[in-house]
*Asks:* 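This is the structure I want to talk about, given as structure tokens.
Just so we're on the same page: letters track the sequence lines, and every chain starts at 1. Scope of the values below: all heavy atoms of this structure, side chains included, with no hydrogens, waters or symmetry mates.
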There are 2 protein chains.
Amino acid sequence: MEPDTQIDLSAGARSRSDQIAGLLEEQILTGRFPPGARLDEASLAEEHRVSRTPIREAFQRLAQSGLVDHAPRRGVFVRQTTAVEIMEMFEVMAEIEAICGRLAALRATETAVEALRQANAACRRALEAGDADLYYEENGAFHRLIYAQSGNRYLEQEATRLHRRLKPYRRMQLHLRGRLKQSMAEHEGIVAAIASGDAQGAERLLRAHVAVQGEKFHHLLSQLRIDV
Amino acid sequence: MEPDTQIDLSAGARSRSDQIAGLLEEQILTGRFPPGARLDEASLAEEHRVSRTPIREAFQRLAQSGLVDHAPRRGVFVRQTTAVEIMEMFEVMAEIEAICGRLAALRATETAVEALRQANAACRRALEAGDADLYYEENGAFHRLIYAQSGNRYLEQEATRLHRRLKPYRRMQLHLRGRLKQSMAEHEGIVAAIASGDAQGAERLLRAHVAVQGEKFHHLLSQLRIDV
DNA sequence: GTCAACCATCTCGTATACAAAAAGGATGGA
DNA sequence: TCCATCCTTTTTGTATACGAGATGGTTGAC
């Protein structure tokens, strides 16, 4: 075989363990397995009608994504993500989005900007329809578009990964009074900055747009006194 | 069990598969397994005197760190990291280090700055001794210190991870004429900026300091016509 | 001679088996 | 009554077994 043939693994042939990993991730994030809970190989294997092998492989993926801790010879435990850690992740997310915005302002083509405008229009429709869940989805698409327009695939990947990791904590803020409208207004400014090639503006606006999510999360915490 | 007890997994009890993963990683990066090469479960199992199970677990880790591609039902192949991807990673590294520098300038304590000065002094000694390998090590310590002084643990982790990923490509530049001296001079400026709380300066200097590595890498490529 | 289909072989993904280590409880002594 | 030690039990980590899917070569038809 020639060493320079890149393997195509775009095939959707996901193995059983992959599916289980995704499912477990969802279940952890939605709270079926609370922080500190131990994930039992045997019972999960029974539940999913598979042997321990796929379960263990799923555990490995979860451990690497930081969702669980793997204590050798003792088991797998749902990681206790502290509020501090989440705030730290929001801070990094703000910076990464700021970078994406800056690069996007410098690199986005006219057609790319048009795509961004359409994504934003979809957000506006969701807002006007009062559909918070839909807004949440369209908002995600909007941001992923900015990641892509950074023109840096690696950056896009990393941004998407962190975005995904913060998903449950962003979702908590959906029903905060007035947040959607404010978010929408910020979007307008961001699109304008990227469209006009205002790199500094896009950077600043995006950083603020995301940083406010971290702050909202903090407020939510102290109001509800939830231990995350 | 109380849900709020955080598991301590600082134990050095690394399983066999962890060790193998580290070893394989090293062997891939040092070129024993060239890009595109297929990693055979059976022969590796035999070589390491273990069964296929630990080998497969090691493969999973490598796949998630992006070092290999896992083609379902077909095998595991060393990933062909293209020059473009590496340049992209250097660009992200430059931005992340810039962020670390900015935050460090805002947050570093006097003792932290002193530690940074000492790390820099170690770099200088290595330079004066003409020991490129030692400089490389001390330089790594210097940068890790800046990551830590960002005051954001998550950021520190991510920066460390990318730093590690880029290690082999940074190492290629070690023997470029004059680079060590130039690097050292840049360090001085960075320390000064952080020490004086000059956030913008630290950000700008660190971005340039890392970006130049990407450029050097590019030059090296075109000179040597190496396919990475 | 070329192309397609079929079959043998190999490898992967999963199931099961076994050994070692850790956790928990019981027993004995202080 | 409390604590330490030993043993049992549970559970992990690894080895092995087996079925399914992919690969490559061969054979046959056109």
*Asks:* Which residue lies toward the 5' end of DNA chain C, R73(A) or T53(A), if each is placed at its nearest nucleotide?
*Replies:* T53(A)
*Asks:* Just the rounded figure in Å: distance from C1' of dG13(D) to CG of D40(A).
*Replies:* 15 Å
*Asks:* Is any side-chain nitrogen or oxygen of S51(A) closer than 4.0 Å to OP1 or OP2 of dA15(C)?
*Replies:* yes
*Asks:* Rounded off to whole Å, could you give me the CZ-to-P distance for the R52(B) and dT11(C) pair?
*Replies:* 10 Å
*Asks:* Check E97(B), Q157(B), E158(B) against Y147(B) for a side chain to side chain donor-acceptor pair (under 3.5 Å) and give me the one that passes.
*Replies:* E97(B)
*Asks:* Regarding D133(B) and R171(B), does a basic nitrogen lie under 4.0 Å from an acidic carboxylate oxygen?
*Replies:* yes
*Asks:* Respond yes when some side-chain nitrogen or oxygen of H70(B) is under 4.0 Å from OP1 or OP2 of dG13(C), and no when none is.
*Replies:* yes
*Asks:* With a cut-off of less than 4.0 Å, is there a side-chain N or O of H48(B) near OP1 or OP2 of dA15(D)?
*Replies:* no
*Asks:* Strictly below 4.0 Å, N to O, side chains only: are E88(B) and R153(A) in salt-bridge contact?
*Replies:* no
*Asks:* In whole Å, what is the span from the CD atom of E46(B) to the C1' atom of dT11(C)?
*Replies:* 15 Å
*Asks:* To the nearest Å, give me how far apart CZ (F77(B)) and P (dT23(D)) are.
*Replies:* 9 Å
*Asks:* Within this structure, what is the CD-to-P distance between E41(B) and dT16(D), rounded to whole angstrom?
*Replies:* 15 Å
*Asks:* With side chain to side chain donor-acceptor pair (under 3.5 Å) as the test, pick out the partner of S17(B) among R61(B), E57(B), Q60(B).
*Replies:* E57(B)
*Asks:* Between the side chains of E95(A) and R102(B), is the shortest nitrogen-to-carboxylate-oxygen separation below 4.0 Å, so that they form an ion pair?
*Replies:* yes
*Asks:* Rounding to an integer number of Å, can you tell me how far I55(B) CD1 sits from dT11(C) C1'?
*Replies:* 15 Å
*Asks:* Would you say dT12(D) has OP1 or OP2 under 4.0 Å from some side-chain N or O of R38(A)?
*Replies:* yes
*Asks:* Does R74(B) contact dG13(C) through a side-chain donor or acceptor facing the base, at a distance under 3.5 Å?
*Replies:* no
*Asks:* Could you check V50(A) against A42(B) and say which one's nearest nucleotide on DNA chain C is further toward the 5' end?
*Replies:* A42(B)
*Asks:* Provide, to the nearest angstrom, the distance between the CZ atom belonging to R56(A) and the P atom belonging to dA17(C).
*Replies:* 17 Å
*Asks:* In whole Å, I'd like the distance from the CG atom of L44(B) to the P atom of dT11(C).
*Replies:* 13 Å
